[in-house]
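Only this structure's heavy atoms are used, side chains among them; waters, hydrogens and symmetry mates stay out. Below, chain A is the first sequence line, B the second, and so on; all start at residue 1. Here the structure is a predicted model, which is why all the values come from computation and not from measurement.
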Amino acid sequence: MALKPLDIFKHLPKTNCKECGFPTCLAFAMQVALGKTELANCTQLSEESKKRLSQASSPPIRTITLGSEKSKVNLGGETVMFRHEKTFYNPPPIGILLSEGLSDEEIDRRLEKFCSLIYERVGLTLQGEVIAVEDKGQGRFLATVKKAFNTGKCLLLISPEAENLIKAAEICQGTKPLLFLAGQVPTEKLAQVAKATSLPIVVSSNTLEGIAKMTAVLSDQGVTDLVIYPEVNSVGTLLKNLVLIRRAAIHGGVRQLGYPVLAMPARLTDDLLTQTMYACLAIAKYASLVILSDLSGEILFPLLLERLNLFTDPQRPLATVQGLYEIGQPGRDAPLLVTSNFSLTYFIVSGEIQNSRVPAYLLVVDTEGLSVLTAWAADKLNAEKIATLVKQTKIEEKIDHRTLILPGVVAGIAGELEEELPGWKILLGPREAAYIPVFLKNWKP
Amino acid sequence: MVDPMTTCGCCECVAVVLPLCNGVMTVNRDYKGDTPCGMKFTTLAGTIGGGKQTPGFLGHSKFNITQNKFLAAEGGLRRLVWMPKMLKDEIMERLQKRCQEIGCPDLPEKIADETVGITEEQILPFLQERKHPALEMEPLI
Ligand code: SF4
């Protein structure tokens, strides 16, 4: 579990020696807990405490990275059971399964379809990330791996033959696939393949005890890039296992189960819609990687949205990017307004400017997602910040006048802003966005 | 202080444990300077608001300081070892009354402020000299 400042503080020397750059040990502990500084910066920390702290602060679930620089995805790394406790970090990649049983045409069709499903929403690109290729001993495995590799997606390579897996891994130069040695595999064999390829590998068993035993042996041998796969034959057992694994890792401190979990609805049923329901459940309840047999738009899109909703950080208010926004086609005498970068504020203010039908410039200040008045109270919307942004965005080259319209509620900083921006006139705008249209209609440079 | 309540983030004051002094300090929003815990109000505000709960950090109101439930679990007002002068002056009347009630009429003079110091090391001798009750209380941490 994430350490609280006081838990960290207890292990610090409590001398307030300031070597770490913070005035007190408590302030330092606070920053460590927030992840803003490293424990190692305390020069006075004893080896003993260092060890205990880093053990306690090491994440309960390992993070495994797959893919290349471009297609990188992280699996696992979660620290809580529920999103509202902190946040979920790594959205489970979603993928399709290309089994050797399929015809070449079908494989091509699925690949092409999968790669074409890309959605742009709220400034984000949403898509499935993983292609699983399964060897069924028909000799076409490597050819299919090549095809899948050429798409640039992340890969999950499944084969009962260690040799085939190693060969397939060699095809995937410059990217990190996940290997899955299928069947009843002795742990020793897994270790060999993992070591030979230095790639993450799947540990599977039909009992959690079995998995825990294997991961314990592997981690003793230094093989720790593992993904676990509880083999199940019903969705009920899948859910039960997913929940048990997460609970054991987070609350039970069971390191042996502290790994990302693979879920394969593709293996539970052939019916695609039923698979979709299972996938939906697996995304909500703790799977780190979800494989269906095939995907189409009406199946993938809802899954992507579900995932997006669950994995956005609830601690961070939605924010717009700082900068100068043009609304309509502002000319050289268009009004210039300032607001905060809380998404809601931005949408309301820009919407009202549009309503006014007066083309305008809107300067959006990074207030860390706080609304105008809140940002002002937290000193995140101040004269200095606004002045800096005015200069950065070179607005002076775009407009002839020198009038800045400040939200009416922060009238208090108008004076300071005039000092920071010599030659500018600071005009107080309305206190509420609803009055912007009237205000702008009467505005003259 | 072990399981502090969160605030919406607009609380008037933030109380923080001061381990060295075995006590608690509090700082009001209007006080912009450094405090003995090594953090200013704005930094502290980030630890207690918006749903966050950080053991050892507690958001509260000015009025709360003189209520009987203030720091009840830690021994009440007797734990308070530092507060900005402006805050102390503001609530002085009620502070004196409450100190009478808990049987420490001279407590207000024992609570340090920024004129005594803004680090734990600076205020500790002051607390010792004036025999601040927090020093005798059971260890906070
Ligand atoms: S370096 Fe370590 S002992 Fe010194 S003040 Fe920082 S945390 Fe405390």
### Query
So how far is it from Thr47(B) OG1 to Met30(A) CE, rounded to the nearest 0.5 Å?
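One finds 5.0 Å between OG1 of Thr47(B) and CE of Met30(A).
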### Task
Please round to the nearest 0.5 Å and tell me the distance separating atom NZ of Lys32(B) and atom CG of Asp379(A).
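Taking NZ in Lys32(B) and CG in Asp379(A), the distance rounds to 7.0 Å.
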### Query
What are the two closest heavy atoms between Ala378(A) and Thr42(B), and how far apart are they?
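The pair with the smallest heavy-atom distance is O-CG2, 4.5 Å.
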For [X], does the [atom1] atom have more than 12 heavy-atom neighbours from other residues, nucleotides or ligands under 6.0 Å away?
{"X": "Lys18(A)", "atom1": "NZ", "answer": "yes"}
{"X": "Glu109(B)", "atom1": "CD", "answer": "yes"}
{"X": "Asp3(B)", "atom1": "CG", "answer": "no"}
{"X": "Arg94(B)", "atom1": "CZ", "answer": "yes"}
{"X": "Lys85(B)", "atom1": "NZ", "answer": "no"}

### Query
Side chains of Val17(B) and Leu6(A): closer than 4.5 Å at any heavy-atom pair?
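With C-beta onward as the side chain, the pair touches.
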### Query
Thr119(B) versus Pro23(A): any side-chain heavy-atom pair under 4.5 Å?
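No, side chains not in contact.
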[X], part contacting chain B, at a heavy-atom distance under 4.5 Å:
{"X": "Lys10(A)", "answer": "side chain"}
{"X": "Gln31(A)", "answer": "side chain"}
{"X": "Phe9(A)", "answer": "side chain"}

### Message
If you apply the rule side chain to side chain contact (heavy atoms under 4.5 Å, CB included), what do you find for Leu20(B) with Asn16(A), and how did you get there?
### Response
CA-CA 9 Å; Leu20(B) 205 59; Asn16(A) 294 348; 4.3 Å; yes
### Query
Which one of Gly56(B), Gly46(B), Cys37(B), Cys10(B) has the most heavy-atom pairs closer than 4.5 Å to chain A?
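Option with the greatest count: Cys37(B).
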### Query
Heavy-atom distance under 4.5 Å to chain A: side chain of Val16(B), backbone, both or neither?
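It is the side chain, since no backbone atom gets that close.
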### Message
Less than 4.5 Å to any heavy atom of chain A: does that hold for the side chain of Phe41(B), its backbone, both, or neither?
### Response
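Neither part.
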